[in-house]
Each structure stands twice: as C-alpha cells, then as structure tokens.
Amino acid sequence: MRIIDLRGYDLLHHGSLLLGRMEMNGIHIDVERGKRELAAMQEEMDECINIIMKHPDVKEWQHKRRKHFNPNSSDQVGDLFFRFLDFEMTKQTETGKPSADADSLLQTHHPIAKLILKLRQLKQAQDDIKDILSQTVGGYVHPSFHLHNVSTFRSSSSNPNMQNIPVRDSEMARVRHIIIPRPGNQLLEFDFKGIEVAVAACYTGDQNLIRYVTDPKTDMHRDVASQIFMIPPDDVPKPLRSMVKGGFTFAQFYGSWWKPCAEYMWKDIHENGYSISGIPLLSHLKQNGIGDFESFAEHVRSVEADFWGNRFCEYARWKERIYAEYVKNGYIDTFTGFRLQGYMRKNAVTNYPIQGSAFHILLWTLIHLQKAFDELKMKSKIIAEIHDSGLIDVFPGELERVVYIIQKLGTEYVRKVWKWIIVPLRIEFEVTEPNRPWSEKKPHR
DNA sequence: TGTTCATGG
DNA sequence: TATCCATGAACA
C-alpha cells in the first residue's frame, strides 16, 4: 500500500496534523458518573452471577465436570449448553467447537442463557468505562487516532478506541453517559448518510445505483425486499426492509452470495415473524409456492442473478474490470491518490477503494472544518471521528455556524475539489443540550 | 499466543 | 461462489 501522488500525500499530511490536534484537544469525561456507573453495573452483574450459579443445571455441570463454572468462558458455556445439556448445535466455531455467541445461546431458550448474555454486556460496558477512566487525566481523555494501520487507508483509534463505543444496545450505551462536552458546551455529531453506497456509485458508474442515491423518492432496500418477499414496494414493513438491507443487499455488495444470504434471511423470518398487511410472512410465501428452505434458497438465487445481471449490471462489470486490473498490474489506484497493492482477495479488491475513499470525504471535510475554526477564531473543537462521522465540542453560540460550515464543506465544496464525486452527499446532525452526555444526542432540525 | 466474542463503521 | 475494515478483553 502506498501513496501515489500529491492528493494522497496531502490527505495524509494534513490528516495527520488534524488527528494530532484532535488528540490534543481530548474529550471531557464525567468521572464521577463513571464511578457511579461502574458500581451500579457491578451490583447488576453480581445479581446475574448469583442466579446463574444457583441454577440446578449449572450445579450438576460443576459436579459432573469437577470444575467451578465460569460464565465468562465461552468454552465452558458452549460445553454446558451443547454437550452437557444437549441443545441442538446450530453453529460451530472455526475450530469445530460449539459456538457460544449470542445467537446460539438465545436459540436454546434456556432461562440462564439470557442472564449469561446480560452478564457479557454488563462486563463489556464496565470494561469500556474502566478503560476510559484509567486513561483520563484532569477530566480529559486523549484517544489516539491513526492513519497508518488500515489497509484501505481508513483511520483507526485506540487507547481508548473511540470508534467502537456501543450505541445500539440500551444497557451498553450507558458508556456514552460519561462522555460530556466541555463546561457550557454542546456535543454535535454529524454523519454522512450512506456514504459507502454513494462512493460505490462513483467508482462503478452504475446508472441504477446512481439513481438510487440521487433521487430521494427511490429506495433500494425497499425495492430489493419487495422482490425477495414478493410484496408490493409500499407494503414492505420497515423491520423487514432493514433486515434485507443487512442480510442481502449489503452482504451482496461486500461479496456474499445467495446461499448464506438465504440461510440468514430464512432463519430471521422464522424468529421475527413479520406480517404483510395482516398476513404472516410465512403464509404469504407459502401462497407463492415457497414452503421450505430449498424453494426459498432457489428463489433468492434467482433474485441474486437479477441483482447482478440486471439491477446493478454495471456494478457487476466494474467488479470484474477492477479485479482483472489488479491481477494484471498487481495494484489498483483510488480516486483519492493511493495505490493499493500486495495480496488481496477478490472481495477485498472490490471493496477497499470504496471504503477508503468514503472515509477520505470525511477526512477532507474535517481538515477544512479545522481550518475554518482557526481562520474564524472559533472556539469549538473537533474531538473524535468515526469513519463517516465527526464529533464536535461546540462552544456556546457557535452551533448554527458550525452546522452551516460542515454542510457547505461536506456536501458542496468537496464536490468542487473532487470531481469524481458524481452523486449528491447528505449529512445529518445530532446534538445534545449544554452539559449533557453523548447518550442524549437528538436530531438537529 | 491463538481463538472467541463483543463493539463500531 | 469466503460478508469489507478495525480494537479490546478473557480464556486456555
């Protein structure tokens, strides 16, 4: 992997300076609240452990195995459920042992499965908070951000990693309670919507993909869901759309194929029982001749053939073209000035330039945002960056101005500089009240 | 140290 | 016909 020209050099040079500046700024931490959360989590964990250890199945396991049960050991948990209690093993680890991940455990419907998972969540949240507190000095933590670790020329973060702090799970999102703005300030988060898909449209020039990311009246995930489940586009329920988004469309973009996609979706629709205008999805499928996994998989196979053969045929051709280029030359070049070389699998070749360049749009925006802050003598500070989003500690009275500048830079100016961005970009903003934690961010406008 | 599981994009 | 890229912790 190397830089091929001044565009790439410039990004790394100014990008490094920016990330260094961010690192020096640091993030304000509510240390007292952190300590309270740790204590509260410990109590909840003790409660879980108590119930787990009292369960007759665990006691019997300890007796027969002549060992103290450790609920943090996935080896032991897997052994308990899938060997000792003989639940059906639906998933193996790479080395052939029964998997003890969240999915596998939930499928047992055993009363302590949920407790073990809750314990895992609490433990990780507690570890995250401990990790942050241990590296906080004078109320501020200074995470590292790097540009030299990732094969795609994305960034990474460590000590502590600010790029994988939980946000979806309500228990774990408690970690965000301790991340607060400077006194009197607000936290502003902005993120590029669907930027990887937008960048994929730029690289591939696929007319249908370009239309989907350009025309807000269209909806790719809804249309694909409509095709897979044979229902009118307007009848696609939101949760089903979102399942298809991750389980089929993105999986396909990343290089998956019909069989694993079909397995994932088939399992999901059995667990989550969607209904289409009052009719259970499974009955609806049966009415359309799909009554078992084999017929569903066969159908998904045909949807996949249409996906790459018709819907996104230019994307498919680009994938072949770029891979052939890599095989011939031993490298591929990105729009942002980098040469990707060395051993890459086919799926990597078709994904790296997209992933890297999507991040570079954010990086460019942040570099110029910092420049604006300096030139206008503004007091807001950039404090973190998460691949397609930025986190700003906003000084009182500067909020609207900061939002305006980000909007201008990230959706207009970047397109004047990088003509390869041939589709519109969209940014959404979320903000907290003054002095309130990151967990309380609300949509802005 | 390799494996597994967790989180984020 | 391998779902892309990371970091961190615990266990064995």
Side-chain angles (χ1 to χ4, degrees), chain A residues 1 67 70-79 91-105 116-132 134-135 143-169 171-173 175-176 189 191-197 199-200 245-264 301 304-305 308 316 319 340 344-359 362 384-391:
Chain A
M1 312 293 162
K67 243 197 309 201
N70 178 359
N72 292 323
S73 162
S74 15
D75 259 14
Q76 291 183 25
V77 171
D79 181 64
K91 193 169 154 193
Q92 293 185 32
T93 67
E94 249 172 56
T95 52
K97 284 183 286 189
S99 172
D101 66 8
D103 253 10
S104 313
L105 261 44
I116 289 174
L117 291 177
K118 185 164 183 206
L119 185 64
R120 264 186 206 167
Q121 303 260 298
L122 287 164
K123 180 96 172 70
Q124 174 150 351
Q126 204 193 37
D127 285 347
D128 281 357
I129 293 180
K130 276 186 191 163
D131 191 33
I132 294 170
S134 76
Q135 299 180 82
S144 296
F145 292 88
H146 319 273
L147 289 175
H148 66 280
N149 284 340
V150 183
S151 314
T152 60
F153 283 99
R154 249 201 194 178
S155 66
S156 70
S157 166
S158 62
N159 304 67
N161 182 354
M162 278 302 293
Q163 295 179 324
N164 69 348
I165 295 186
V167 59
R168 297 181 189 100
D169 180 274
E171 284 297 319
M172 298 199 62
V175 179
R176 293 184 177 226
E189 186 175 352
D191 75 306
F192 284 93
K193 285 310 181 197
I195 192 147
E196 278 201 29
V197 179
V199 170
K245 175 178 166 182
F248 184 84
T249 307
F250 281 171
Q252 289 282 332
F253 284 160
Y254 286 141
S256 187
W257 55 294
W258 59 271
K259 202 165 177 194
C261 289
E263 276 164 1
Y264 175 86
R301 182 184 190 163
E304 183 195 74
W308 292 114
K319 288 211 281 191
L340 307 169
M344 288 180 272
R345 285 168 295 190
K346 188 174 185 181
N347 284 344
V349 172
T350 57
N351 283 313
Y352 278 25
I354 295 168
Q355 183 182 104
S357 302
F359 166 67
L362 171 73
E385 157 270 302
I386 317 171
H387 310 305
D388 65 357
S389 73
L391 191 61

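Chain naming here is simple, since letters A, B, ... match the order of the sequence lines and numbering starts at 1 in each. Worth knowing before you read on, the calculation uses all heavy atoms, side chains too, and leaves out hydrogens, waters and symmetry mates.
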**Prompt:** C:dA12 C1' sits how many Å from A:Lys67 NZ, rounded?
**Reply:** 9 Å
**Message:** Using a strict threshold of under 4.0 Å (side-chain N to carboxylate O), is an ion pair present between A:Lys91 and A:Asp101?
**Reply:** yes
**Message:** Run the salt bridge (Lys or Arg N to Asp or Glu O under 4.0 Å) test against A:Asp131 and tell me which residues pass, sequence neighbours left out.
**Reply:** none
**Complete:** Going 5' to 3' through nucleotides 4-9 of chain B and flagging B where a protein heavy-atom sits under 4.0 Å of the base, S where only the sugar-phosphate is that close, and - otherwise, we get SSSBBB
**Prompt:** Does A:Ser151 place a side-chain N or O at less than 4.0 Å from the phosphate oxygens OP1/OP2 of C:dA6?
**Reply:** yes
**Rounded distance in Å - CG (A:Asp79) to C1' (C:dA12)** = 14 Å
**Prompt:** Does OP1 or OP2 of C:dC5 have a side-chain N or O of A:Asn347 closer than 4.0 Å?
**Reply:** no
**Asked** Heavy-atom count around A:Lys259 NZ within 6.0 Å, excluding the residue itself: above 12?
**Response** no
**Request:** Check whether any side-chain nitrogen or oxygen of A:Ser156 sits under 4.0 Å from OP1 or OP2 of C:dT7, and answer yes or no.
**Result:** yes
**Request:** Please check the phosphate of C:dA9 (OP1 and OP2 only) for any side-chain N or O of A:Asn72 closer than 4.0 Å.
**Result:** no
**Message:** If you go through the side-chain atoms of A:Trp258, does one of them form a donor-acceptor pair with the base of C:dT1 closer than 3.5 Å?
**Reply:** yes
**Request:** Give one of base, sugar-phosphate or nothing for A:Lys123, where a contact means two heavy atoms less than 4.0 Å apart.
**Result:** sugar-phosphate
**Message:** Considering every strand and a 4.0 Å limit on heavy-atom distances, what is the contact class for A:Asp128: base, sugar-phosphate, or nothing?
**Reply:** nothing
**Message:** Categorize A:Ser155 for me: base, sugar-phosphate, or nothing, with a 4.0 angstrom heavy-atom threshold over every strand shown.
**Reply:** nothing
**Item:** Whole angstrom value for the distance that separates C1' of C:dT7 from CD1 of A:Ile132
**Value:** 13 Å
**Prompt:** When you check the gap from the basic side-chain N to the acidic O, do A:Lys123 and A:Glu171 get nearer than 4.0 Å?
**Reply:** no
**Message:** Is it true that A:Ser158 and A:Gln163 share a donor-acceptor pair across their side chains at a distance under 3.5 Å?
**Reply:** no
**Value in whole Å for how far the C1' atom of C:dT1 lies from NZ of A:Lys346** = 9 Å
**Item:** Presence of A:Tyr352 side-chain N/O under 4.0 Å of C:dC4 phosphate oxygens OP1/OP2
**Value:** no
**Prompt:** A:Leu147 has an atom CG; how far is it from atom C1' of C:dC5, in whole Å?
**Reply:** 14 Å
**Message:** Using OP1 and OP2 only, check whether a side-chain N or O of A:Trp257 sits under 4.0 Å from C:dA2.
**Reply:** no
**Asked** Any donor-acceptor pair under 3.5 Å linking the side chain of A:Asn351 with the backbone of A:Asn347?
**Response** yes
**Whole-Å distance separating the CD1 atom of A:Ile354 from the P atom of C:dT3** = 17 Å
**Asked** Atom CG of A:Asp131 to atom C1' of C:dA10: distance rounded to whole Å?
**Response** 14 Å
**Message:** For the residue pair A:Asp191 / A:Ser389, report whether a side-chain donor-acceptor contact shorter than 3.5 Å exists.
**Reply:** no
**Message:** Quick check on C:dT3: is either OP1 or OP2 less than 4.0 Å from any side-chain nitrogen or oxygen of A:Ser256?
**Reply:** yes
**Prompt:** Salt-bridged, A:Lys130 to A:Asp128, with N to O below 4.0 Å?
**Reply:** no
**Item:** Closest nucleotide among C:dC5, C:dT7, C:dT3 to the A:Pro260 side chain
**Value:** C:dT3
**Prompt:** Is A:Ser73 near enough to C:dA12 that one of its side-chain N or O atoms lies under 4.0 angstrom from OP1 or OP2?
**Reply:** yes
**Item:** Nearest-Å distance for atom pair CZ/P, residues A:Phe253 and C:dA2
**Value:** 18 Å
